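What follows is a set of notes on a single structure, which appears directly below.
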Amino acid sequence: MNTHYNIYSKLAAALVAVAFPSLAKAQVPGSALDYMLQRPRVMKVYKHKRPFDHLFIDMGAGLNVMGTKKYKLGPTAEMGIGDWISPEHGFRVNVDAGMWRLHGKKVKYADLSLDYLINITAIASPGTYYAPHTFELMGIAGFEHAWSRNHGYQQDGWGVHIGMRGQLALASYAYLYLEPRVGLMEDQVSQAFTWHGYRPFGSVTLGMGYRLPEQRLSAPRVAHPFADGLFFSVMGGPAMLANEHPTTWDGRLGGRVAGSIGKWFDDYNALRLTANATSIDQYDSKNHIKALGLQLDYMANLNNVFGGPKQRPFWVDFVGGISYNRSSDDLRKPKDSFGVGAGLQANIRLARGLALSFEPRFDVYTEDYAPRTWSFRKYDIPVSFLAGLTYTYNDRRVDEIEDVDDIRHSSLTVTGGLANYLNNMDKGGTLMPIGRISYAQWHAPALGWRVGLQGMVHGRKATGYNYAQAAVFADWMTDLTALSCGYDRSRALSFKTVAGFSLGLDYAKSGGKTNYFSPDVHVGGQMTTRIADDVHFVIEPQLSYQLSKRLSPARVGRFMPLLSVGLEYSMQHGNGKGEKVEKAERANFVSASIGTGVYTGNYGEMHPFRNRLSFIGEVGYGHWLNGVSGVHASIANTTVQRAYTKGNQNITALSAGYMMNMKAAMTGDQTEDDLFQLTGIADLSLVGVNREKKKMKVTMGGKLALQAGFRVSKAVEVYVEPSAVIYCKDVEFKPVKHHPLEGEARLSIGTKYHF
């Protein structure tokens with residue numbers, strides 16, 4: 001046996017000796033500590049990470065259970081919004097609501113929770129950068145505060161929970177998820193008490209979610225000025241109180257107008273500040289709610305959110321935010337109310353940067369908003385449907401246009417329409433006809449100004465007395481279409497903005513004082529449609545704020561919406577080839593004329609009609625600055641017959657102003673050698689009035705005239721001139737109380753000598 005043992009020992013020693021070199025060669029260089037200690041893993045990061053650029057939102061529903069004995073399954077639903085700070089770590093805010101069923105109770109609950117999220121799939125994936133996988137597994141841990149209600153008894157308390165989520169991608173931005181959770185909740189929330197003060201609960205929810213597309217993050221960021229993405233809106237439409245009884249909705253409509261300014265910070269997110277004015281009839285009262293409000297809204301472009309940023313002819317924005325209102329009615333002084341609201345805004349692109357917008361919206365205000373209406377649990381809920389225009393500025397320069405002679409043009413516009421005070425919008429009998437004539441001058445592709453005259457009347461049938469207003473206005477205009485798309489005089493459709501002021505006088509034969517100074521400030525828009533080479537159809541909505549002392553201090557009652565339509569004639573300052581109309585060779589002229597007219601100061605006292613006619617004589621001087629524009633000065637005397645006095649009345653006016661070669665402005669051609677001439681004149685006057693045994697009086701006036709002339713030779717022209725003259729009422733020694741102004745209509749013939 002020893003012999004066999006020795007043989008085996010020697011054989012084993014030989015095998016070890018032979019195997020040792022092989023084992024030595026198989027050894028891995030380095031320290032064993034390299035394999036005993038775990039190396040740190042690589043943290044995943046996003047490229048170009050910015051706050052809230054990996055937002056997600058999801059909604060789901062499922063079943064829940066609470067407690068360990070005598071429980072039943074109950075329904076639950078949830079909605080959450082969150083952000084991934086990195087591919088591995090994120091957070092969310094969740095709102096849950098449902099019903100717990102235990103011990104025979106049906107406890108309704110709602111809770112608000114804050115959760116930490118860990119993406120287990122991202123942690124397990126190699127590399128530094130991570131993109132969402134088709135299937136991902138996530139861990140969840142958080143806490144919540146819950147409110148419960150059972151048979152009118154309310155309780156609240158705290159809880160904690162943990163869970164897992166399996167998430168399946170349906171597209172790059174949409175996913176399906178399944179999420180089981182377990183946790184502990186304080187007894188008072190369940191309204192079923194235990195000796196240890198808490199109960200376990202569990203839930204399983206199935207839902208869908210949306211996350212911002214990953215591919216948008218890799219797009220290069222282009223620096224733009226702050227103005228890029230600014231937008232402006234003007235909207236208006238019907239409004240009503242939804243908390244009124246439904247059977248009264250059809251007869252209780254009101255209106256709302258709004259103006260907004262905001263900014264898109266990217267293709268998805270924007271903030272908007274809106275000022276609005278609202279007038280709505282109340283259910284149990286014949287008076288109106290009149291409210292002025294401010295809204296601060298968050299906006300999200302839903303089409304871009306769900307489909308990536310694209311230029312679309314149609315898109316929808318979500319709108320939601322907070323608001324402040326100051327409202328009153330005929331029986332109560334103004335009070336403040338606060339609220340929240342949300343809606344959708346549908347947009348139809350009309351041109352680059354310009355859209356037609358429709359916005360249905362609801363707001364929830366405190367009960368002070370509409371004091372004489374039945375409120376829903378101490379809240380008033382106005383619903384509105386607004387429509388209007390939205391202009392968004394895009395980073396595009398308009399000074400690249402080289403054809404500057406073509407873009408410098410003028411236009412004459414005549415429009416007519418209707419106006420009304422905002423608090424009378426539902427009273428059709430109070431509508432006021434309005435007429436306007438204006439002259440606009442464009443010095444750049446998108447920038448110009450205009451001045452004009454406006455007249456408005458309000459019939460006795462609506463108010464019990466006659467009312468009239470005359471005003472001059474001045475506006476700054478911006479051509480949004482040219483600003484966005486460049487200037488094109490042949491464009492079929494264009495949109496402009498208008499902002500300015502007017503100075504006027506009103507007259508109302510009611511009560512004491514009949515005349516008031518009536519200025520306003522106003523904003524509006526203008527849509528023009530080309531119907532011929534230089535003729536456009538014009539639609540112009542406008543909102544003015546009246547500053548007349550005639551109006552009561554009520555702020556809503558001072559707002560006046562206006563809508564007018566008419567025709568615009570564009571006058572290019574050139575012959576179509578970019579050449580300006582040159583100044584006439586004979587740039588100066590002197591003129592003399594005689595004529596007749598009728599004067600409001602003696603019209604009611606003189607009979608028969610021939611005794612009302614006045615005699616007019618005038619001499620003048622003019623100088624053409626260029627082929628279209630010039631300056632004009634004159635001295636004229638009007639002699640009128642007066643009753644009950646000795647002698648006639650003489651009205652002498654020293655005038656100076658502007659004149660326009662209308663034919664050259666309309667055709668863009670040189671007219672110096674043409675047989676027919678057409679000249680427009682607008683003058684302001686210093687007026688002296690004299691009558692026998694009366695001291696001279698001095699006042700102000702103005703004149704508009706149109707001279708239609710025929711060239712007898714290069715130097716001599718014969719013309720016919722219809723004109724309209726207005727005087728301040730002080731032109732009369734005994735002013736008629738209800739006359740806001742005095743005026744004169746003239747018809748003269750005369751001659752010019754050009755040199």
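Just so you know, these numbers come straight off a predicted model, no measurement behind them.
- Partners of Y324 according to the ring-ring contact (aromatic ring centres under 6.0 Å, His included) rule, which considers only residues two or more places apart in sequence or in another chain, are F338.
- The salt bridge (Lys or Arg N to Asp or Glu O under 4.0 Å) search around R181 returns E78, D96, E179, not counting sequence neighbours.
- Looking at residues two or more places apart in sequence or on another chain, you find a salt bridge (Lys or Arg N to Asp or Glu O under 4.0 Å) between D58 and R165.
- Under the side chain to side chain contact (heavy atoms under 4.5 Å, CB included) criterion, V182 pairs with I162, sequence neighbours left out.
- Listed by chain and number, the residues in a salt bridge (Lys or Arg N to Asp or Glu O under 4.0 Å) with E359 are R272, R361 (sequence neighbours excluded).
- For the ring-ring contact (aromatic ring centres under 6.0 Å, His included) test, no residue two or more places apart in sequence or in another chain qualifies with F201.
- Residues meeting the salt bridge (Lys or Arg N to Asp or Glu O under 4.0 Å) test with D156, sequence neighbours left out: none.
- Residues passing the ring-ring contact (aromatic ring centres under 6.0 Å, His included) test with F495: none are found, sequence neighbours excluded.
- Sorted by first and then second residue, the salt bridge (charged side-chain N to carboxylate O under 4.0 Å, His left out) pairs involving residues 113-126 (not counting sequence neighbours) are R92-D115.
- For K108, the side chain to side chain contact (heavy atoms under 4.5 Å, CB included) partners two or more places apart in sequence, or in a different chain, are M99.
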Show me the donor-acceptor pairs, under 3.5 Å and distance only, between side chains in residues 233-242 and residues at least two apart or in other chains.
residue	atom	partner	partner atom	Å
S233	OG	T390	OG1	2.9

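- Contacts classified as salt bridge (charged side-chain N to carboxylate O under 4.0 Å, His left out) and involving residues 142-154 (residues at least two apart or in different chains) are not found.
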